[in-house]
Amino acid sequence: MDFSKDFIWGAASAAYQVEGAYNEDGKGLNIWDVFSHQKGNTTHNETGDVACDHYHRFKNDIKLMKKIGIKAYRFSISWTRIIPDGDGKVNQKGIDFYNALIDELIANGIEPMITLFHWDYPYELHCKGGWLNDESSEWFKHYTKVCVKHFSDRVKYWMTINEPQVFVGLGYNRGSFAPKLSCSTPELMRITHNVLLSHGKAVRTIRKHAKLKPVIGWAPTGPTIIPDDETPEAIERARQQSFSLWGDGFLFSNSWWGDPIVLGKYPDEAFERFGDDLKNVIKDGDMEIISTPIDFYGSNIYRSASYANDGSYESNEYLGCPRNAMDWCITDDALYWSARFFHERYKLPILITENGMPCHDWVHLDGKVHDPNRIDYTTRYLRGLKRAANEGVDVMGYLYWSIMDNYEWTDGYDRRFGLIYVDYQTQERTIKDSGYWYSDVIKANGENI
Ligand code: FCB
């Protein structure tokens, strides 16, 4: 059956990575504004102050999206653009920006898909304790309500939270991302629980107030283990490893976040390990809120991981393995096993909310951006996704990360993931070969893969 007729072929971005205009039209500061302005935190001290200037250039960007032919655009809302201090007055100019963006997408036949939170947490709320403050899920609910009030007459697709694994794991535990904290275990339990509660309250708020019937999910990441071979034993081992808590890396695991959201309980292993530290943060009724039903399971997948190494290589790397410009290994079957394992465990339709790769792109002498590696990578991964669809996994769609080159967090602008090349000196855009190739894939509904 291959990809369904209504398969959603799209591309994604996130506010802080593309918008720029960090202090224009009343926008408040977020933790990434503050973090990137502190010297030494990011490569070459680069910030998202201007980024792709998408805030001013979105109309032209949407023209290019239309030229490529994407059917959906996943973008995130900058919380402090619409509520500058995070929980107070609404900034009409911020609302106007997203209204204009949504209208322009629709006028060009592109489905808008909103991510509510993609890491740019309001700085003022952070100063009040941020996710450690038990009010935080109420702040998030208020913010969600404002978005739903203004955008749900035209937007159907909602994603609550992007990759808690990464923003909590790197921002609050390892301290390499904003806001650069190394929290204690009890604090990490509280942060986790407040993030999950925020998700649950957002789902309820959207469901209750949305004008168009909403389709709601979230966008986690997490390691999927690829089995060594396809014997039932190897598959079962990989499945168990994919949903284990990953030792000290529990914040990066799938089940730590996914089980409460879909199955309504933290994994047993979590209680065995954290006991009262975890029990103490769970109040009566919380798990029902957290597990309010969603419509799809999003998945940001770039590579798979593996336990099967001798300590010399990370993840499932091996001597001479193919790598992208992020140094991540190319693992062909990552989308197949992720889609299959998530579907089997959580029994929800799967939306690939992010997948893509960074190359060392530049504009060639002929004025074009030739990126055969990206085309090859995406072909391999999409073949895996197609196999999953053919075996009966309900795959809703695929959103390439990212629509255009952008600010890759602490790595600054060196990592180019886009289908569209951005010259940051001039803000000139060039559709890469992969963008034209993606166009053909979309037209053929993936039959040419
Ligand atoms: C994901 C993030 C996204 C982007 C890609 C490369 O972890 O969600 O913002 O940085 O990785």
Side-chain angles (χ1 to χ4, degrees), residues 10-20 30-32 35-36 41-43 46-48 51-52 54 73-79 113-121 159-174 176-178 195 199 217-224 249 251-254 257 297-305 315 323-331 334-335 338 351-361 371 373-374 377-378 381 398-420 422 434:
S13 76
Y16 190 72
Q17 296 179 273
V18 297
E19 283 181 7
N30 62 55
I31 56 172
W32 273 91
F35 172 86
S36 68
N41 282 345
T42 67
T43 304
E46 286 164 354
T47 72
C52 311
H54 187 54
Y73 176 46
R74 171 185 175 225
F75 59 94
S76 77
I77 307 271
S78 157
W79 186 340
M113 298 178 131
I114 287 182
T115 310
L116 288 169
F117 180 68
H118 201 125
W119 306 355
D120 44 0
Y121 198 77
M159 280 144 277
T160 55
I161 298 213
N162 185 72
E163 297 190 359
Q165 284 93 345
V166 174
F167 81 82
V168 178
L170 297 185
Y172 296 84
N173 183 18
R174 295 195 187 160
S176 55
F177 269 27
V195 169
H199 159 86
W218 69 311
T221 186
T224 303
L251 290 168
F252 293 93
S253 72
N254 293 302
W257 307 93
Y297 201 86
S299 204
N300 294 356
I301 299 289
Y302 292 87
R303 54 177 166 167
S304 71
S315 184
R323 294 173 189 277
N324 64 29
M326 207 80 169
D327 268 350
W328 297 343
C329 272
I330 313 301
T331 50
L335 291 188
S338 305
L351 176 64
I352 303 301
T353 34
E354 285 180 24
N355 168 248
M357 87 165 234
C359 299
H360 296 291
D361 301 315
D371 55 346
N373 292 15
R374 181 173 288 107
Y377 166 97
T378 314
Y381 277 54
Y398 172 86
L399 309 177
Y400 181 83
W401 180 274
S402 57
I403 185 62
M404 60 187 138
D405 297 338
N406 60 51
Y407 182 71
E408 179 49 34
W409 308 109
T410 47
D411 285 322
Y413 294 95
D414 287 355
R415 318 291 193 201
R416 294 178 176 274
F417 279 82
L419 296 171
I420 300 169
V422 178
S434 59

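Residue numbers start at 1 and run along the sequence shown. The figures here come from the full heavy-atom set of this structure, side chains too, leaving out hydrogens, waters and symmetry mates. Whatever order the structure lists ligands and atoms in, that order sets their numbers, starting from 1.
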- Task: Compare all side-chain heavy atoms of Asn406 with those of Phe417 and state whether any distance is below 4.5 angstrom.
- Result: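 No; the side chains remain at least 4.5 Å from each other.
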- Item | Pair Phe177 + Trp32: ring centers closer than 6.0 Å |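 Yes; Trp32 has its ring centre under 6.0 Å from that of Phe177.
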- Query: Do Trp218 and Trp257 make the cut of ring centroids closer than 6.0 angstrom?
  - Reply: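 That pair fails the under 6.0 Å test.
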- Task: Applying side-chain contact (heavy atoms from CB on, under 4.5 Å), name anything that partners Ser338, two or more places apart in sequence or on another chain.
- Result: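 Scan of Ser338 (side-chain contact (heavy atoms from CB on, under 4.5 Å), adjacent residues dropped) gives Thr224, Ile301, Phe342.
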- For Asn41, what residues pass the side-chain contact (heavy atoms from CB on, under 4.5 Å) criterion, not counting sequence neighbours?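 side-chain contact (heavy atoms from CB on, under 4.5 Å) check on Asn41 returns Phe35, Gln38, Lys180.
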- Write out the protein residues near ligand 1, meaning a non-hydrogen atom under 4.0 Å from one of its atoms, in order of chain and number.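 Around ligand 1, where the cutoff is 4.0 Å for heavy atoms, the contacting residues are Gln17, His118, Trp119, Asn162, Glu163, Asn300, Tyr302, Glu354, Trp401, Glu408, Trp409, Phe417.
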- How would you list, by chain and number, every residue that makes a ring pair (Phe, Tyr, Trp, His ring centres under 6.0 Å) with Tyr381, sequence neighbours excluded?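 Checked Tyr381 against ring pair (Phe, Tyr, Trp, His ring centres under 6.0 Å); matches are Tyr377.
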